[in-house]
Amino acid sequence: MEGALSNSNFIKNIVMDDLESGKVREVITRFPPEPNGYLHIGHAKSICLNFELAQDVGGKTNLRFDDTNPTKEDEEYVKSIQEDVRWLCFAWDNLCFASDYFDQMYERAVLLIKKGLAYVCDLSAEEMRQMRGTLTSPGKESPYRNRSVDENLDLFDRMKSGEFADGSKVLRAKIDMASPNLNLRDPVLYRISHATHHRTGNVWAIYPMYDFAHPLEDAIEGVTHSVCTLEFEDHRPLYDWVVEQCEMPNRPRQYEFARLNMTNTVMSKRKLKLLVDQQVVDGWDDPRMPTIAGLRRRGYTPESIRNFAREIGVAKSNSVVDERMLEYFVREDLKLKALRSMAILRPLKVVITNYPEGQVEWLDAENNAENPEMGTRKIPFSREIYIEQDDFMESPPPKYFRLFPGNEVRLKHAYFIRCEEVIKDDSGRVVELRCMYDPETKSGSGFTGRKVKGTIHWVDASFAYPAEFRLYEPLINDDEEGVDEDFLAHLNPQSLEVIQGYVENGLKDVAAMDKFQFFRHGYFSVDPKLSTPGKPVFNLVVSLKSSFQI
RNA sequence: UGGGGAGUAGCCAAGUGGUAAGGCAACGGACUUUGACUCCGUCAUUCGCAGGUUCGAUCCCUGCCUCCCCAGCCA
């Protein structure tokens, strides 16, 4: 059963303290993505944190698009982000856009100018960089720093009306060019950009910078706890400065936590976009991608991702979570949900020589032995079947429990068979096995005469239905050196393997996203893009654990 | 060599003056018509290092080491 309440973490402790002390009455959080890419599992951590922080104490959470940079943003992304948040089963209280506050932000900027706390600066980007100083030496004040309020007001108004070229002027806060915190060295508040915004069109020729816009957005929405990642930690003094100097009635507080990193993958929009643009993968929703869309298509469930997000915790130290933890949670979730079935990925034909030709038996099979509510089904059995190539070895090592000459195994849901003969082609490759079955060993008959060490799965040859299986491995092997700098050089060439095999006949017309556990292989999910009626395509979600190794 | 953060097991992560939670992984064993699942057991005499305060320190103090972030008109 899924825990109703999320695990404790330092931010939640702060929230609880604030509630207890009366510092806040109602908790309001927000998830503030910029619509410039698809969401990934790292965002899922943030989504779960923000929504559950509020949910657990009867608060509210807004989904807010931080769309202050029209050159990078796109409507496609605002759609996909909403879809992903909804899919994770979170309902936002308000759908907000930073662009809806552009007028208010402008007014606050004017207020700063009037207070003598902001000025229009004509320095070029390059000049500004040079005058900013370095980590160890102070910056120099801009020659435009002491323009009169009236001149600043006039210039800023004309920036707004589109009178000036991109990059020719900016509005800057007047703080402290000697601050050891570079963010406080007269940061840019507004830049000129004649780009077309996906929502406001060409109304604006100036757009606010993150450091100015974000605190105002939070304050406007009454956000109490503004949660972001570690790299914004030293922006906090500026965040507080903006809220205070702009005289915002609400005072949001910013808290920072460590973003999620996982082994064997990359977790930045930039890198993910590179994989998409260079066609290393099929798109943002390629099942190998750590995007929400990719994980969904792969077959991960919202529950598994939410449980994962809870269990990894929230802290301030940079860390790398083992991908096997994510895998654990999807196995755990699918265990009781996925229908058990038999699939042969690499077929080896077996003829049961003492089984009557032409005869077909319909055997009983549980749909999920661990969840009897899922019922049973009938599966056909006759003289010729397919088993997995891996389940036969002519010269097996010790402790090999499967088929080998002279050995007897159980066919799941059917009979014991013994391998009597191995048929090979001219090249010496095993192409067929001749076996004998024992009618007394039928499954469910209660036979206890003797035991076998191994049980293998199979599919009846004449009823087997052809299917495509897409097997995945990590996109990147990051146990090598230097992966971070040049991850494209460390791509796993085996990240995708497409093979043709067989499934039970009943799986001929599966629906997109249907989940199965193919015995002794793993959990599979029907691909929503590639699978068509009559031509099923299964994605490997995650394989079963196995302690067996040759 | 400025500023801001972080160091607890292989990986996450609680605890923050009273003698190291939990999860993942791993490894034993039991069970087994999935080499799965489940169950049982093992897995930090020690919390980056060195001093100090204290009856007692992962927790307080001092010094040091290591790692991450900051010099976009990105977010």
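Labels below follow one simple rule: chain letters A, B, ... track the order of the sequence lines, proteins then strands, and each chain is numbered from 1.
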Practice task
Kindly point out which of B:rG2, B:rC12, B:rG4 is positioned nearest to the side chain of A:D234?
Solution key: B:rG4
Handout entry: Rounded distance in Å between the P positions of B:rG2 and B:rC11
Key = 30 Å
Practice task
Considering only NZ, NE, NH1 and NH2 on the basic side and carboxylate oxygens on the acidic side, decide whether A:R377 and A:E366 come within less than 4.0 Å.
Solution key: no
Exercise for the section: Rounded to whole angstrom, note down the C1' distance from B:rG18 over to B:rU58. Expected result: 13 Å
Problem - B:rG23 and B:rG52, which share atom name C1', separated by this distance in whole Å - result: 37 Å
Problem - Electrostatic pair A:R346:A:D390 at N-O distance under 4.0 angstrom - result: no
Problem - A:R259 side chain near B:rA75 phosphate (N/O to OP1/OP2, under 4.0 Å) - result: no
Problem - Watson-Crick or G-U wobble partner of B:rU42, both distances under 3.5 Å - result: B:rA26
Problem - Inter-nucleotide C1' distance (B:rA57, B:rA50), Å rounded - result: 15 Å
Problem - A:K545 bridged to A:E327 by N-O distance under 4.0 Å - result: no
Problem - Base-pairing assignment for B:rC49 (Watson-Crick or G-U wobble, both under 3.5 Å) - result: B:rG63
Handout entry: A:N261 CG - B:rA6 P separation (whole Å)
Key = 17 Å
Practice task
When you get a sec, tell me which of B:rG15, B:rC73, B:rG2 is the closest nucleotide to the side chain of A:T136?
Solution key: B:rG2
Exercise for the section: Mind calculating the distance between CZ (A:F31) and C1' (B:rA75) to the nearest angstrom? Expected result: 12 Å
Exercise for the section: Starting at atom CZ of A:F10, determine the distance to atom C1' of B:rA6, rounded to an integer number of angstrom. Expected result: 11 Å
Practice task
Check whether NZ of the Lys or CZ of the Arg A:K169 lies under 6.0 Å from the centre of the six-membered ring of A:F164 and within 45 degrees of that ring's axis.
Solution key: yes
Problem - Length of the line joining A:I206:CD1 and B:rC73:C1', which is rounded to integer Å - result: 13 Å
Problem - Nucleotide-resolved protein contact map, nucleotides 23-39 of chain B, B/S/- at heavy-atom distance under 4.0 Å - result: BSSS------BBBBSS-
Completion exercise
Paired to B:rA71 by Watson-Crick or G-U wobble criteria (both distances under 3.5 Å) is none
Handout entry: Pair A:R191 + A:D166: basic N to acidic O under 4.0 Å
Key = no
Practice task
Could you work out the separation of B:rG35 and B:rC69 based on their P atoms and round it to a whole Å?
Solution key: 45 Å
Exercise for the section: Report, as yes or no, whether the 6.0 Å neighbourhood of atom CZ on A:R259 holds more than 12 heavy atoms from other residues, nucleotides or ligands. Expected result: no
Practice task
Report which part of the nucleic acid A:V170 touches: base, sugar-phosphate, or nothing (heavy-atom distance under 4.0 Å, all strands).
Solution key: base
Exercise for the section: Please indicate whether A:E126 has more than 12 foreign heavy atoms, meaning atoms of other residues, nucleotides or ligands, lying under 6.0 Å from its CD. Expected result: yes
Practice task
Using a 4.0 Å heavy-atom cut-off across all strands, classify A:N13 as base, sugar-phosphate, or nothing.
Solution key: sugar-phosphate
Handout entry: Check: B:rG4 base within 3.5 Å donor-acceptor of A:N181 side chain
Key = no
Handout entry: Residue-phosphate contact under 4.0 Å: A:T68 side-chain N/O, B:rA75 OP1/OP2
Key = yes
Exercise for the section: Round to the nearest Å and state the distance from A:K45 atom NZ to B:rA13 atom C1'. Expected result: 11 Å
Exercise for the section: For atom CD of A:E440, decide whether the heavy atoms of other residues, nucleotides or ligands shown that lie under 6.0 angstrom number more than 12. Expected result: no
Handout entry: Heavy atoms of other groups near A:K337 NZ, more than 12 under 6.0 Å
Key = yes
Practice task
May I ask you to say what A:H457 touches in the nucleic acid, namely base, sugar-phosphate or nothing, with a heavy-atom cut-off under 4.0 Å?
Solution key: nothing
Handout entry: Watson-Crick or G-U wobble partner of B:rU19, both distances under 3.5 Å
Key = none
Practice task
Considering just the side-chain nitrogens and oxygens of A:R236, establish if one lies under 4.0 Å of OP1 or OP2 belonging to B:rG3.
Solution key: no
Handout entry: Below 4.0 Å: OP1/OP2 of B:rC73 and any side-chain N or O of A:S124
Key = no
Problem - Nucleotide nearest A:M209 when distance is taken to its side chain, options B:rG15, B:rG7, B:rC74 - result: B:rC74
Problem - Euclidean distance for P, B:rC60 against B:rU8 (whole angstrom) - result: 16 Å
Handout entry: Whole angstrom value for the distance that separates P of B:rG4 from CG of A:N318
Key = 17 Å
Handout entry: A:D391 and A:R520 ion-paired at < 4.0 Å
Key = yes
Handout entry: Whole-Å P distance, B:rA20 and B:rC27
Key = 28 Å
Fill in the blank from the handout: RNA chain B nearest-nucleotide lookup for A:G313 and A:D166: closer to the 5′ end is A:G313
Fill in the blank from the handout: Whole-Å distance, A:E323 CD to B:rC12 P, equals 14 Å
Handout entry: Candidate nucleotides B:rA13, B:rG2, B:rA71, ranked by approach to the side chain of A:P180 - the nearest
Key = B:rG2
Practice task
Return the value, rounded to whole Å, for the distance between atom CZ of A:R310 and atom C1' of B:rA14.
Solution key: 18 Å
Practice task
Quick one: label A:V452 by what it contacts on the DNA or RNA (base, sugar-phosphate, nothing), any heavy atom closer than 4.0 Å.
Solution key: nothing
Exercise for the section: Check the chi torsion on B:rG72 and let me know: syn if it falls within 90° of 0, anti if not. Expected result: syn
Problem - Separation between the P atoms of B:rA21 and B:rU46, rounded to whole Å - result: 15 Å
Practice task
Identify whether any heavy atom of A:F232 sits under 4.0 Å from a base atom; if not, whether one sits that close to sugar-phosphate; answer base, sugar-phosphate or nothing.
Solution key: base
Handout entry: Distance-only side-chain donor-acceptor flag, A:D218 / A:S226, under 3.5 Å
Key = yes
Problem - Who pairs with B:rA9 - Watson-Crick or G-U, where each distance is under 3.5 Å - result: none
Practice task
Select base, sugar-phosphate, or nothing to describe what A:L363 touches, counting heavy atoms under 4.0 Å on all strands.
Solution key: nothing
Practice task
Answer yes or no: does a side-chain N or O of A:N9 lie under 4.0 Å from OP1 or OP2 of B:rC12?
Solution key: no
Exercise for the section: Could you tell me whether A:A315 contacts a base, only the sugar-phosphate backbone, or nothing, with contacts defined as non-hydrogen atoms closer than 4.0 Å? Expected result: sugar-phosphate
